[in-house]
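Before any comments, here is the structure.
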Protein chains: 2
Amino acid sequence: MPDAADPAPMNARRKFRREGEERRRQDLIDATLDSVAEHGLEGATVRTIALRAGVTAGLIRHYFPGKEDLLQEAYAALMGRMTEQAKAALVMEDASPRQRLAAFVTANLNAPIIDQRVFSLWATFIGRAGADPTLARAHREGYLGFRNEVEAVVAEVLAAERRKPDAAELRHHAIAINAIIDGLWIEGCLAGEMFSPGELAAIGIKAIEAELGLAPEQGGNQ
Amino acid sequence: MPDAADPAPMNARRKFRREGEERRRQDLIDATLDSVAEHGLEGATVRTIALRAGVTAGLIRHYFPGKEDLLQEAYAALMGRMTEQAKAALVMEDASPRQRLAAFVTANLNAPIIDQRVFSLWATFIGRAGADPTLARAHREGYLGFRNEVEAVVAEVLAAERRKPDAAELRHHAIAINAIIDGLWIEGCLAGEMFSPGELAAIGIKAIEAELGLAPEQGGNQ
DNA sequence: GGCGTTGTTGTGCAAGTGTATAAATAGCCT
DNA sequence: AGGCTATTTATACACTTGCACAACAACGCC
């Protein structure tokens, strides 16, 4: 008679807790990014994502109209974090424009922005920008925002050197500097162990100073 | 009585031609790249690929052990074409090192290397480099090969200017120049219509000359 | 021209996909 | 404590996926 009063029913329904809506959405988005980073878009199935988030697959559809919407929000969250971190280094106060530019470059060429997982996510999503106009526009806006930040700092740096560049010149500098940062970022993410700590940032700062025609710093700060 | 002697039997088996093995493999690889570029890795199913190649899905398994192998070979083919095109601009003869460097940059920052489809493919595949060691190594080799080419040209350019850089300096220049080209390549692929023709190449050449400390060209060639 | 080889097709299948929906239960309000 | 409600689970379903396999027919060879 092990049938009647079994103290451990084998068809026990899984225990669960009710989390707040915001918390669940964040967990699902984070689980989505983890899944995409690890297995690519193809491997990011609702079941994989749900497993990672510690819930069952059905719950996804309770918070998102469909899987596509979850992916969209995950990409938006990723971009938001990236640009937020990147710009954070610019808000230094009590620093010369040149120091701020150097700090900006250094921040963008070290952890946590140099990170293989973030790069994988970026590449995976951006690869679909050619086919998905929504992604393409999201990228364009992020890129232009970033470039405008660069352009603003460059203008300050040159102003401090009493140089008065015209708009076209400024734009070219911003494009070039953006390329230097992006290119070094990729190199660092894909082959970080080939560079010693701080090496990429040093290369980037020197390249940017050359681009702007600044004399190399002589002994240190100021 | 349209039943008996129907001249067009509705269960007609599809007509086909036997292509050479190399031709079929190439067609399948091209169809794979097209599918990946258009729908991403997730949308590149054996049926989609076969449809694009003008064959039926079963044939894929006649030429490749599995879908994964087809993807691997497609990625290898992509990388091969990219590096081949990129290096082709370096074989100019009867040109000064500096002209060769400029030609190299120009070639890499215009069509057909600046191309949204190629970028989509690159990003899609490289996004998996973090998880797939095979891909990671393939990229690393391609990258180092590219950077060594850059380093060699840079050495020639500096030698022509009677400068004798040490190995570390040379390496840093190569890393920076590589980053400039990569970064501008990405900008051009993702937002090509934001730049006028030749603008990216001009920006790249100026940035690289600044990096190398070369005086701007005065009037034209030589 | 017939024939064998094998490139090619078509069908089948088990596993996995996103989504729909009913059943259950955790936690709040009174 | 007890019920209400919305979060969460579980199951079902139609569809797609990669792959296996047998039937077929295009092409070279005699």
Side-chain angles (χ1 to χ4, degrees), chain A residues 6 8-32 35-36 38-75 124 128 132, chain B residues 7-36 38-75 124 128 132:
Chain A
D6 202 330
M10 44 178 289
N11 275 1
R13 187 174 252 252
R14 173 178 177 166
K15 300 289 193 212
F16 62 90
R17 280 199 333 168
R18 303 175 103 147
E19 300 283 356
E21 161 157 1
E22 259 335 291
R23 170 70 185 278
R24 271 280 190 255
R25 292 177 68 89
Q26 265 312 314
D27 284 351
L28 285 172
I29 286 176
D30 287 340
T32 303
S35 299
V36 172
E38 194 162 332
H39 305 108
L41 272 175
E42 30 164 1
T45 73
V46 288
R47 285 167 179 85
T48 304
I49 294 169
L51 182 68
R52 238 190 171 71
V55 296
T56 50
L59 191 60
I60 289 181
R61 297 251 330 164
H62 191 260
Y63 287 105
F64 301 91
K67 185 199 174 188
E68 212 56 41
D69 303 79
L70 173 55
L71 283 172
Q72 293 269 9
E73 291 208 27
Y75 178 66
T124 302
R128 283 189 37 163
D132 188 336
Chain B
M10 44 179 289
N11 275 3
R13 188 172 251 251
R14 174 178 176 166
K15 300 288 193 209
F16 62 91
R17 279 199 331 166
R18 301 178 110 151
E19 300 283 356
E21 161 157 2
E22 261 333 292
R23 169 69 183 276
R24 272 280 190 256
R25 291 177 69 89
Q26 265 312 315
D27 284 351
L28 286 173
I29 286 176
D30 287 341
T32 303
L33 291 178
D34 283 341
S35 298
V36 172
E38 195 161 334
H39 306 105
L41 273 176
E42 30 165 359
T45 72
V46 287
R47 286 168 177 85
T48 304
I49 294 170
L51 183 67
R52 226 181 239 281
V55 296
T56 50
L59 192 60
I60 289 181
R61 293 254 327 165
H62 192 259
Y63 287 104
F64 301 91
K67 185 198 172 188
E68 212 56 40
D69 304 78
L70 173 55
L71 284 173
Q72 294 269 12
E73 292 209 28
Y75 177 66
T124 302
R128 284 189 36 162
D132 187 336

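Convention: sequence-line order gives letters A, B, ...; per-chain numbering from 1. All values reported here derive from a predicted model rather than from experimental measurement.
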So, using side-chain hydrogen bond (donor to acceptor under 3.5 Å, both in side chains) as the criterion, who are the partners of A/Asp30 when residues are at least two apart? A/Arg81
Nearest whole Å is fine: how far is D/dT17 P from B/Leu70 CG? 15 Å
Using atom types as modelled and distance alone, determine if a side-chain donor or acceptor of A/Arg128 lies under 3.5 Å from a backbone N or O of B/Gly40. no
Taking side-chain hydrogen bond (donor to acceptor under 3.5 Å, both in side chains) as the definition, give me every residue that meets it alongside B/Arg14, ordered by chain and number, with sequence neighbours left out. none
Along DNA chain D (nearest heavy atom to each residue), the more 5'-positioned of A/Phe16 and B/Thr48: A/Phe16
Please list, chain by chain and in numerical order, all residues satisfying side-chain hydrogen bond (donor to acceptor under 3.5 Å, both in side chains) with B/Arg18, sequence neighbours excluded. none
To the nearest Å, how far apart are B/Glu68 CD and D/dT17 C1'? 13 Å
If each of B/Glu42 and B/Lys15 is mapped to the nucleotide of DNA chain D with the nearest heavy atom, which maps nearer the 5' terminus, i.e. the 5' end? B/Glu42
Go through residues 17-31 of chain B and report each residue with a non-hydrogen atom lying under 4.0 Å from DNA chain C, sorted by number. B/Arg17, B/Arg18, B/Glu19, B/Arg24
Could you tell me the separation between the CG atom of A/Leu59 and the CG atom of A/Leu28, rounded to the nearest 0.5 Å? 6.0 Å
Would you confirm whether B/Ser35, through its side chain, and B/Ala31, through its main-chain N or O, come within 3.5 Å as a donor-acceptor pair? yes
Drop me the distance from B/Glu68's CD to B/Asp132's CG, to the nearest 0.5 angstrom. 7.5 Å
What does A/Phe64 touch in the nucleic acid at a heavy-atom separation under 4.0 angstrom: a base, only the sugar-phosphate, or nothing? nothing
Give the rounded distance in Å between these two atoms: NZ of A/Lys67 and C1' of D/dT16. 13 Å
Output all residues satisfying side-chain hydrogen bond (donor to acceptor under 3.5 Å, both in side chains) with A/Arg52, sequence neighbours left out; order by chain, then residue number. A/Glu38
Write out a two-atom table: protein N or O, nucleotide N or O from nucleotides 10-12 of chain C, distance below 3.5 Å.
residue	atom	partner	partner atom	Å
C/dG10	OP1	B/Arg14	N	3.1

For C/dT8, does OP1 or OP2 lie under 4.0 Å from any side-chain N or O of B/Tyr63? yes
Is any side-chain N or O of B/His62 closer than 4.0 Å to OP1 or OP2 of C/dG7? yes
In whole angstroms, the gap separating C1' of C/dT19 from CD1 of A/Ile49 amounts to 14 Å
Quickly work out the A/Leu41 CG to C/dT17 C1' distance and round it to whole Å. 15 Å
Rounded off to whole Å, could you give me the CD1-to-C1' distance for the B/Ile60 and C/dT9 pair? 13 Å
Could you give the distance from CZ (B/Arg23) to CZ (B/Arg17), rounded to the nearest 0.5 Å? 7.0 Å
